[in-house]
Amino acid sequence: MNNVRASTLTIRTPEGVVFALRLASPFTRFLACALDFACVSAAMSIVGLAIGLLGLLSYDLSAAVYTLVFFTVQIGYGFFCEWLWRGQTIGKRLLRLRVVDAYGLRLQFSQIVIRNLLRFVDMLPAFYLIGGLAALINARTQRLGDLAANTVVIQSPQFEQPDLEQMLAGKFNSLRTHPQLEARLRQRISPVEASLALQAILRRDEFEPRARAELFARLGEHFRALVEFPPESVEHITDEQYLRNVIDTVYRSRKTDTQSQPKPAH
Amino acid sequence: MIIDLAKFIAAGQPFWTELDAFLKRLEDDPYRSLPFDQARRFHYLYERTAADLAKLNTFANEPETRGYLESLVARAYGEIHETREKPHRFQPVHWFMVVFPQTFRRHINVFWLTVAITLAGCAFGGFATILDPESRHVTMPFGHDRMTPSERVAREEKSTHDRLAGERASFSAYLMTHNTKVSIFTMALGMTWGIGTIIMLFYNGVVLGAISVDYIADGQAKFLAGWLLPHGSFEIPAILIAGQAGLILGRALIGRGTRKNLTERLREISTDLVTLIGGVGVLLIWAGLVESFFSQYHEPVLPYSVKIAFGLVELTGLTLFLWKSGSKLRLPQ
């Protein structure tokens with residue numbers, strides 16, 4: 001059904017589709033826990049002020065209410081948030097973590113309760129030492145509460161679809177003037193190579209200028225070697241532009257012929 | 001072959017968006033169930049998106065779109081392939097009156113084991129007090145070792161002021177929360193294959209046995225019964241039930257006598273653990289109220305016979321409740 005590889009939980013559905021859930025590291029989880037602790041403390045400071053007003057009527061009643069409310073918030077915060085937000089607390093939301101069933105199934109309320117109640121053991125002797133060690137040892141980074149509840153904590157990054165139209169629109173692709181060579185390029189390039197080129201272009205602004213130039217030089221060299229285009233089509237364009245052209249060739253079908261392309265600037 | 005990514009996204013996007021909307025509706029309301037035609041549509045969208053993901057994995061290695069589709073398929077997979085019963089709206093009265101006692105009875109053998117462990121602790125504590133009086137400094141918490149039972153009884157009965165005056169509500173709240181924490185801890189220690197739970201139960205037994213024997217040997221059995229029975233008739237069974245939950249957890253971890261794997265064993269007991277510990281919480285609320293507002297009054301304010309009778313009525317009521325309540329109703333397994 002499922003198997004584990006380093007820091008991901010891979011699930012194979014009965015339909016034969018495989019998907020991977022990226023497991024959260026113990027350190028990130030500890031940060032989320034610290035954020036939750038801060039949230040509970042802040043909430044209790046505010047609630048404490050309101051309950052303090054009860055002290056004007058009866059100090060005993062005020063102390064009793066505070067004790068009960070503090071206990072309820074301390075114990076119930078995890079249950080409430082994770083049930084309401086499908087496996088997320090405030091800390092987990094901020095760090096984009098989520099509790100999910102270890103089989104990828106729907107998270108049950110009983111699982112949420114058990115993983116939160118077993119914090120009492122995970123927290124021992126201090127600062128989640130037992131839970132942290134368990135998470136470090138466990139292949140799925142599960143603390144004891146997760147083991148008992150059969151849950152894992154995953155990272156759920158926000159997904160943005162690549163805007164290919166915006167990235168490639170309006171640019172003249174000199175490779176398109178040689179349809180036969182283009183076809184050969186499509187044939188020779190592997191999906192991994194194509195993805196590499198696409199990622200390099202999408203993330204080009206994240207690199208230092210020098211590293212960026214070196215990276216595109218190496219990629220350009222590699223892709224130029226796959227298919228040799230006539231010098232007049234490629235010799236005046238930068239490595240980065242060459243890669244753009246490659247992506248345009250690979251990822252977009254030839255719905256636009258050379259006549260409908262933008263004309264080269266002179 | 002590498003797919004035309006822009007065309008692929010344009011073709012799949014409406015279906016992915018529709019699936020996402022379905023999932024959001026299902027996630028926002030866990031009790032929601034889909035009519036047949038919507039369920040069919042939902043299943044179609046899931047299969048189509050799964051097929052898109054498979055196609056993308058084979059013919060293009062584009063991580064962003066793949067991540068997006070994986071997250072959609074993962075969410076839909078959880079909804080479609082979940083075979084456990086869908087959550088019902090929580091009905092507290094039904095849960096406490098029917099589900100809790102039924103769950104307790106389903107694991108009655110484990111409960112008897114917790115009773116046996118606690119009684120063993122009681123015997124150990126009692127013998128320790130008789131054979132080694134100095135052991136009281138170890139076996140008796142909360143200052144019980146600092147005076148003899150007779151001294152305490154004399155002090156309590158002569159006391160003219162209410163020592164809990166102005167603190168009764170907060171003391172009650174403290175007892176409720178403290179005992180609930182101890183109970184949760186007892187259950188959670190089941191993760192040590194039940195060893196931690198056994199130690200907790202045994203230690204509770206040692207304390208109970210040591211104090212009881214101390215009072216009985218000093219001729220203060222009546223005071224002891226009047227003091228312990230009103231709240232102990234709920235508090236002690238509550239701790240025993242928490243121990244029952246811990247041992248159920250430990251047994252599931254050990255997995256002796258079953259061919260099911262660890263995950264299945266834990267999955268089977270998870271609802272029962274939550275039910276038992278929830279029931280314990282309710283029992284301890286009552287115990288906390290009684291201990292603070294009733295148990296701390298002694299003669300001449302409150303005759304011991306009344307306190308003992310009250311405790312016995314509670315104990316009988318709790319026993320009948322746990323043994324009989326909800327026995328005519330059958331819950332789905």
Side-chain angles (χ1 to χ4, degrees), chain A residues 11 13-21 58-61 63-65 67-68 70-71 75 83 86 100-111 113-114 117-121 144-145 147-150 156-157 159-162 164-165 186 189 191-192 194-195 198-199 202 250-253, chain B residues 1-2 4-7 9 27 30 47 50-51 53-54 57-65 67-71 73-74 77-79 81-84 87 166-170 172-174 176-177 180-181 184-185 187-192 196 249 253 263 266-267 270-271 273-274 277-278:
Chain A
I11 294 175
T13 73
E15 294 86 359
V17 176
V18 178
F19 58 88
L21 302 170
S58 161
Y59 175 77
D60 185 30
L61 183 66
V65 171
T67 305
L68 290 175
F70 181 72
F71 178 73
I75 298 279
W83 181 238
R86 307 282 285 197
V100 297
D101 181 274
Y103 279 144
L105 300 173
R106 193 192 305 123
L107 195 61
Q108 303 279 307
F109 183 68
S110 58
Q111 291 179 291
V113 174
I114 288 174
L117 288 184
L118 262 72
R119 282 182 197 281
F120 279 79
V121 176
L144 296 183
L147 277 170
N150 198 29
S156 49
F159 298 108
E160 291 169 8
Q161 290 170 22
L164 294 172
E165 289 301 321
R186 276 201 207 92
I189 203 163
V192 175
S195 169
L198 180 64
Q199 289 305 308
L202 285 171
V250 170
Y251 281 113
R252 295 211 297 187
S253 63
Chain B
M1 187 181 95
I2 294 174
D4 180 343
L5 199 59
K7 196 173 163 187
I9 291 173
E27 288 167 358
E47 288 198 322
L53 175 61
N57 278 337
T58 311
F59 299 118
N61 199 346
E62 201 290 290
E64 295 290 332
T65 312
Y68 173 69
L69 291 183
E70 276 189 342
S71 80
V73 171
Y77 169 79
E79 296 292 338
H81 287 276
E82 180 58 82
T83 52
R84 289 171 292 186
E167 294 173 13
R168 209 165 286 284
S170 50
S172 177
Y174 164 76
M176 287 175 203
T177 54
T180 307
K181 278 182 189 170
I184 293 171
F185 191 60
M187 183 207 76
L189 282 174
M191 277 308 281
T192 57
L249 178 58
L253 287 171
T263 308
L266 289 171
R267 195 179 282 267
S270 64
T271 310
L273 292 188
V274 173
I277 206 67

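None of the values given here were measured: they were computed from a predicted structure. Numbered from 1 within each chain, the chains take letters A, B, ... in sequence-line order.
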I need the [X] [atom1] to [Y] [atom2] distance, nearest 0.5 Å.
X      : Y      : atom1 : atom2 : answer
B/R267 : A/Y103 : CZ    : OH    : 6.5 Å
B/L266 : A/Q111 : CG    : CD    : 10.5 Å
B/R168 : A/L61  : CZ    : CG    : 14.5 Å

Margin query: Among A/L147, A/T67, A/I75, A/V100, which residue has the highest count of heavy-atom pairs closer than 4.5 Å to chain B?
Written below: A/T67

What are the two closest non-hydrogen atoms of [X] and [Y], and how far apart are they?
X      : Y      : answer
A/V121 : B/L189 : CG2-N, 3.8 Å
A/P14  : B/Y77  : CD-CE1, 3.8 Å
A/L68  : B/T177 : CD2-CG2, 4.0 Å

Item checked: A/N150 side chain to B/T263 backbone, donor-acceptor under 3.5 Å -> no

Next item on the list: Decide if atom OH of A/Y59 counts as having more than 12 heavy atoms of other residues, nucleotides or ligands within a radius under 6.0 Å.
Entry: no

Notebook entry, point to check: Does CZ belonging to A/F109 count more than 12 external heavy atoms closer than 6.0 Å?
Noted result: yes

Next item on the list: List in chain and number order the residues that pass side chain to side chain contact (heavy atoms under 4.5 Å, CB included) with A/A148, two or more places apart in sequence or in another chain; answer none if no residue qualifies.
Entry: A/I114, A/L118, B/M191, B/L249

Next item on the list: Taking side chain to side chain contact (heavy atoms under 4.5 Å, CB included) as the test, write out the residues that go with B/A74, two or more places apart.
Entry: A/F19, A/L21

Margin query: Please classify the contact of B/I277 with chain A as side chain, backbone, both or neither, using a heavy-atom distance under 4.5 Å.
Written below: side chain

Next item on the list: Check each atom of A/L107 against the heavy atoms of chain B and say whether the ones under 4.5 Å are side chain, backbone, both or neither.
Entry: neither

